[in-house]
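In what follows, a structure is listed as structure tokens, so that the remarks can point back to it.
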Amino acid sequence: MASSAYIGRFAPSPTGPLHFGSLVCALASFLDARHHHGQWLVRIEDIDPPREIPGATHSILNQLESHGLHWDGELLYQSQRSHAYNEALEQLQQTGLLFSCDCNRQRIAELGGIYDGCCRTRQSVTDAALRLQVPDAQNGRIVFDDLIMGRYEQNLCCDVGDFVVKRRDGLISYQLAVTVDDQFQGISHIVRGADLLDSTPRQLYLQHCLSYHHSQSVTEAIHYAHLPLATNAEGQKLSKQNHAAALPSGSEVDSLWFALDWLRQAPPEDLRSESVATLLGWAIDNWVLGNIPAQMALPAGQDV
Ligand code: GLU
């Protein structure tokens, strides 16, 4: 039954080639899936064309393969999933919780980023974003147990506010697309970076609003594990903006070995002279998620 099977995923946005920070996410989600004899899917999150770099999808997929991270089944491209997102919007519309909002960025910034619900009762306007109303402070508390970070709690009302599910420019929000697709693909375990820890309550709330927990295919909620962010010497998250280097080709075993070391899996030194397949075989057998530090950030500690 799908509900008891492990299905994990890696869901890169094609904004550039993989660097050390994205390799640790890909590797940890892969190893956790394989260690549990599960499937590992790859989904290309290409729903934000202004942020995409031509050729990035191709580079990412080549890098995954050269690092021995072979996925199961077909790739899923979010750019081909508009019908599913529109259906979800329809469903949300029927709950009466969606409203259109034309507040500008400056106003939201003045509110400290936490929307105050001011457009909730307005007539629907054109040229507007769609927001999803969150429960009031008394009912807005969401708690879940992260497999790495432990108990995490957020009050959607006080910490987030009504959030955007469809942007003013017509693009679907990350929160909605990821929730719809994790359900569609039957994902049971999500292993990803801690920069998304504070997005998880919004995704849990969306799952609730879309009645996913009552559907027949998934009877259990998703398990989450948020990895520390790999940071550079200045303590910044490794990212394209911070000029994190793309993984060097020809050094796959070394990159994987450093990623395993960073994930506190204690790979034996002598595996550095072995093949990608041998190193990954060892890593699958010896994977211990619990060894990963429950820290929001962890220096990459090498020349990355
Ligand atoms: N596409 C997102 C990213 O590249 C990750 C989404 C997720 O894992 O939920 O940051």
Side-chain angles (χ1 to χ4, degrees), residues 7-33 38-53 55-61 63-64 69 71 75-81 84-85 88 144 146-149 152 154 160 163-165 167 171-207 210 212 221-231 236-242 244 246-247 289 292 296-297:
I7 306 180
R9 50 57 155 197
F10 176 56
S13 304
T15 52
L18 297 181
H19 48 70
F20 184 79
S22 32
L23 176 67
V24 294
C25 292
L27 179 63
S29 61
F30 171 87
L31 292 175
D32 201 54
Q39 293 183 57
W40 186 66
L41 311 181
V42 172
R43 177 166 79 226
I44 302 296
E45 303 215 317
D46 52 351
I47 41 155
D48 195 351
R51 285 185 59 226
E52 284 155 27
I53 302 287
T57 297
H58 186 73
S59 314
I60 292 170
L61 296 175
Q63 288 172 304
L64 289 176
L69 304 177
W71 56 89
L75 294 164
L76 189 71
Y77 288 85
Q78 289 195 324
S79 55
Q80 292 167 15
R81 300 266 304 143
Y85 308 141
F144 71 97
D146 189 86
L147 295 172
I148 297 173
M149 297 293 173
Y152 185 79
Q154 194 180 59
V160 178
F163 59 93
V164 172
V165 287
R167 289 165 24 175
L171 296 177
I172 299 295
S173 77
Y174 155 71
Q175 307 292 354
L176 182 65
V178 87
T179 305
V180 170
D181 288 341
D182 284 333
Q183 167 75 6
F184 175 68
Q185 296 189 287
I187 302 300
S188 65
H189 288 72
I190 294 182
V191 180
R192 62 182 176 190
D195 50 342
L196 295 168
L197 184 61
D198 67 357
S199 284
T200 306
R202 266 169 280 182
Q203 294 168 20
L204 291 169
Y205 177 59
L206 272 165
Q207 290 164 19
L210 292 164
Y212 286 167
I222 297 173
H223 301 279
Y224 292 91
H226 285 88
L227 303 162
L229 294 176
T231 52
Q236 300 158 326
K237 177 192 169 190
L238 295 183
S239 67
K240 208 164 36 69
Q241 290 76 11
N242 295 326
L247 294 167
L289 186 80
I292 301 170
M296 289 299 284

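Note that the structure is a prediction, hence the values are computed from the model and not measured. Whatever order the structure lists ligands and atoms in, that order sets their numbers, starting from 1. For the single chain, residues carry numbers from 1 onward in sequence order.
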Tell me, please, which residues at least two apart from F30 pass ring pair (Phe, Tyr, Trp, His ring centres under 6.0 Å). W40

Under the ring pair (Phe, Tyr, Trp, His ring centres under 6.0 Å) test, which residues partner Y152, sequence neighbours left out? F144

P17 and A246 have their tightest heavy-atom pair at CG-CB, 3.7 Å

In chain order, what residues pass the side chain to side chain donor-acceptor pair (under 3.5 Å) check against Y174, with sequence neighbours excluded? R192, Q203

Output the set of protein residues with a heavy-atom contact under 4.0 Å to ligand 1, ordered first by chain identifier and then by residue number.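 Ligand 1 pocket, heavy atoms under 4.0 Å: R9, A11, P12, S13, E45, Y174, V178, R192, L196.
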
Backbone N or O of D198 within a donor-acceptor pair of the Q154 side chain at under 3.5 Å? yes

Any side-chain heavy-atom pair from L171 and P50 closer than 4.5 angstrom?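 L171 reaches P50 side chain to side chain.
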
